[in-house]
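Okay, so here's the structure we're looking at.
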Amino acid sequence: SPQRALIESEAEHFMDISGYDLEKAASIIHDEHRIQILVNLNGYTKGARNDLFALKPAPVQISYMGYCGTTGMPFIDYLVTDKHTSPVSAATSMHYSEKLVHMPHSYFVNNYKQNQHALDNLPSTTRASIGLPENGIVFCNFNQLYKIDRKIFNVWMNVLKKVPNSVLWLLRFPASGEQMVLDEAGRLGVPAERIIFTNVCGRDEHIKRAALADLFLDTPLCNAHTTGTDVLWAGLPVITLPEVKMSSRVMCSLCHAINMPEMVVDSYEAYEALAVKWGNDSDQLNAMKQRLLSERMHAPLFDTLGWVRSFERACDLMWEDFVGGGWVYQRSQDYSSNMA
């Protein structure tokens with residue numbers, strides 16, 4: 001892929017060990033290159049090499065990004081996160097086996113500013129061209145359909161009933177779920193024509209056409225993660241409700257990192273009330289879109305260089321913590337004050 005080729009060309013050292021067996025890969029890490037910090041980007045997702053991490057080939061092993069939650073693995077020492085996604089408290093720390101390392105803002109990294117030229121070169125898209133109504137409020141959610149549970153779907157249907165001429169835009173992600181969603185909407189008294197499905201498209205086109213919507217309705221069960229940064233870069237306001245687990249708090253982190261915490265609510269009732277309020281106030285939504293487009297140019301969420309510097313500092317602190325033996329005695333630590 002172009003991204004892989006870019007990493008290979010810009011990395012000081014690059015070595016692909018995916019074809020090596022467990023023992024050989026561990027030897028390369030431990031004996032040949034003496035890696036000090038080994039990062040697990042997969043967790044329990046496709047392509048994971050957790051058996052390799054179990055051999056502890058590096059003195060410090062951390063989990064980051066690919067798996068949104070604790071690994072529960074005693075050989076993973078640290079989890080890179082932030083204070084909104086994984087707050088340090090007695091109620092939340094029990095959900096993590098790793099020591100928490102808080103980035104100063106959001107733990108999520110992106111490079112939208114560097115890729116904006118690709119979006120600018122795409123042809124303009126209209127609502128009509130993808131089957132959306134030209135007038136009225138377009139609510140949307142671009143997550144995979146498995147993230148939608150009955151509780152939030154009921155809220156969405158209530159919102160549609162209370163916002164005249166509004167529709168809900170979803171993706172066929174997967175296509176097999178479309179009819180089940182429409183059937184459930186019908187059972188709740190919402191006609192099928194008020195829910196519009198479109199196909200999944202390429203990433204750049206996806207970001208550009210997201211701006212056609214008016215308000216992104218997040219899924220509390222499992223938030224929009226990469227999709228969340230996509231829509232915020234597109235200038236699309238969101239409403240999110242953080243719950244307990246890490247995957248249900250990411251959008252809250254993104255909203256704070258783009259300096260718009262008013263998009264975060266604390267109950268399903270508040271979620272519905274805010275969606276109805278904003279859905280019936282197009283001027284408010286347009287003002288929020290303009291503010292997002294302004295904030296994205298200087299907010300911490302899209303400051304890639306700032307994120308890189310903070311992550312480098314976090315790695316230094318994790319190593320210092322390991323050398324000092326602090327990891328043996330502490331189970332969580334907020335390093336953000338040391339990374340400003």
Side-chain angles (χ1 to χ4, degrees), residues 2-4 6-12 14 36-43 60-69 76-88 98-119 203-204 207 223-236 238 240 242 246-247 249-261 263-264 292-321 332-340:
Q3 291 79 13
R4 164 68 177 258
L6 183 63
I7 292 171
E8 288 191 36
S9 66
E10 294 189 348
E12 186 174 348
F14 185 94
Q36 293 171 296
I37 299 178
L38 190 63
V39 184
N40 189 328
L41 289 173
N42 295 85
V60 175
Q61 301 190 156
I62 70 176
S63 175
Y64 176 65
M65 185 61 91
Y67 183 74
C68 191
I76 299 295
D77 307 302
Y78 303 90
L79 172 65
V80 178
T81 180
D82 62 68
K83 65 181 181 181
H84 295 293
T85 306
S86 307
V88 176
E98 304 86 356
K99 191 172 184 181
L100 302 182
V101 176
H102 280 172
M103 295 291 282
H105 304 287
S106 179
Y107 82 102
F108 232 74
V109 66
N110 61 79
N111 66 340
Y112 294 94
K113 286 182 181 178
Q114 291 88 334
N115 290 338
Q116 181 58 35
H117 66 279
L119 298 180
R203 182 169 179 265
D204 290 339
I207 296 172
N223 293 171
H225 297 172
T226 302
T227 298
T229 53
D230 287 344
V231 300
L232 290 173
W233 181 256
L236 182 60
V238 309
T240 190
M246 185 176 179
S247 61
R249 302 186 60 85
V250 174
M251 184 61 95
C252 171
S253 166
L254 304 182
C255 291
H256 279 85
I258 201 167
N259 301 322
M260 294 186 66
M263 299 190 296
V264 182
L292 278 169
L293 292 173
S294 174
E295 289 285 355
R296 73 179 187 172
M297 301 313 296
H298 56 80
L301 180 60
F302 298 114
D303 179 8
T304 308
L305 181 58
W307 184 96
V308 170
R309 289 172 174 165
S310 294
F311 184 75
E312 290 173 341
R313 179 58 180 146
C315 288
D316 288 340
L317 290 167
M318 283 184 277
W319 181 253
E320 292 170 10
D321 195 36
S332 64
Q333 178 68 43
D334 182 350
Y335 290 111
S336 59
S337 60
N338 297 319
M339 293 189 290

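Along the sequence shown, residues carry numbers from 1.
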With sequence neighbours left out, write down each residue that passes side chain to side chain contact (heavy atoms under 4.5 Å, CB included) with [X], or none if nothing qualifies.
{"X": "Asp303", "answer": "Leu305"}
{"X": "Thr240", "answer": "Asp218, Asn223, Met251, Cys255, Val264"}
{"X": "Ile7", "answer": "Phe14"}

Among residues at least two apart in sequence or on other chains, which ones pass side-chain hydrogen bond (donor to acceptor under 3.5 Å, both in side chains) with [X]?
{"X": "Asn110", "answer": "none"}
{"X": "Ser253", "answer": "Asp82, Ser106"}
{"X": "Asn111", "answer": "Asn115"}

Is any side-chain heavy atom of [Y] closer than 4.5 Å to one of [X]?
{"X": "Val250", "Y": "Leu254", "value": "yes"}
{"X": "Leu232", "Y": "Leu301", "value": "yes"}
{"X": "Glu98", "Y": "Tyr78", "value": "no"}
{"X": "His102", "Y": "Thr81", "value": "yes"}
{"X": "Arg249", "Y": "Pro87", "value": "yes"}
{"X": "Leu317", "Y": "Val101", "value": "no"}
{"X": "Val238", "Y": "Met260", "value": "no"}
{"X": "Leu79", "Y": "Met246", "value": "yes"}

[X] to [Y] - nearest heavy-atom pair and separation:
{"X": "Lys113", "Y": "Arg296", "value": "CE-O, 3.5 Å"}
{"X": "Ala257", "Y": "Pro300", "value": "O-CD, 3.1 Å"}
{"X": "Leu6", "Y": "Ser9", "value": "O-OG, 2.9 Å"}

Got a sec, which residues hit salt bridge (Lys or Arg N to Asp or Glu O under 4.0 Å) with [X], two or more places apart in sequence or on another chain?
{"X": "Arg309", "answer": "none"}
{"X": "Glu8", "answer": "Arg4"}
{"X": "Asp230", "answer": "Arg203"}

Tyr112: ring-ring contact (aromatic ring centres under 6.0 Å, His included) partners, not counting sequence neighbours
Trp233, Phe302
Using the test ring-ring contact (aromatic ring centres under 6.0 Å, His included), find all partners of His225 that sit at least two apart in sequence or belong to another chain.
none
Give, for atom [atom1] of [X] and atom [atom2] of [Y], the distance between the pair rounded to the nearest 0.5 Å.
{"X": "His256", "Y": "Met263", "atom1": "NE2", "atom2": "CE", "result": "10.0 Å"}
{"X": "Ser63", "Y": "Leu38", "atom1": "OG", "atom2": "CG", "result": "11.0 Å"}
{"X": "Cys315", "Y": "Gln36", "atom1": "SG", "atom2": "CD", "result": "10.5 Å"}
{"X": "Met103", "Y": "Ser310", "atom1": "CE", "atom2": "OG", "result": "5.0 Å"}

Checking [X] side chain against [Y] main chain: does a donor-acceptor pair fall under 3.5 Å?
{"X": "Lys83", "Y": "Val88", "value": "no"}
{"X": "Tyr64", "Y": "Tyr107", "value": "yes"}
{"X": "Asp77", "Y": "Gln61", "value": "yes"}

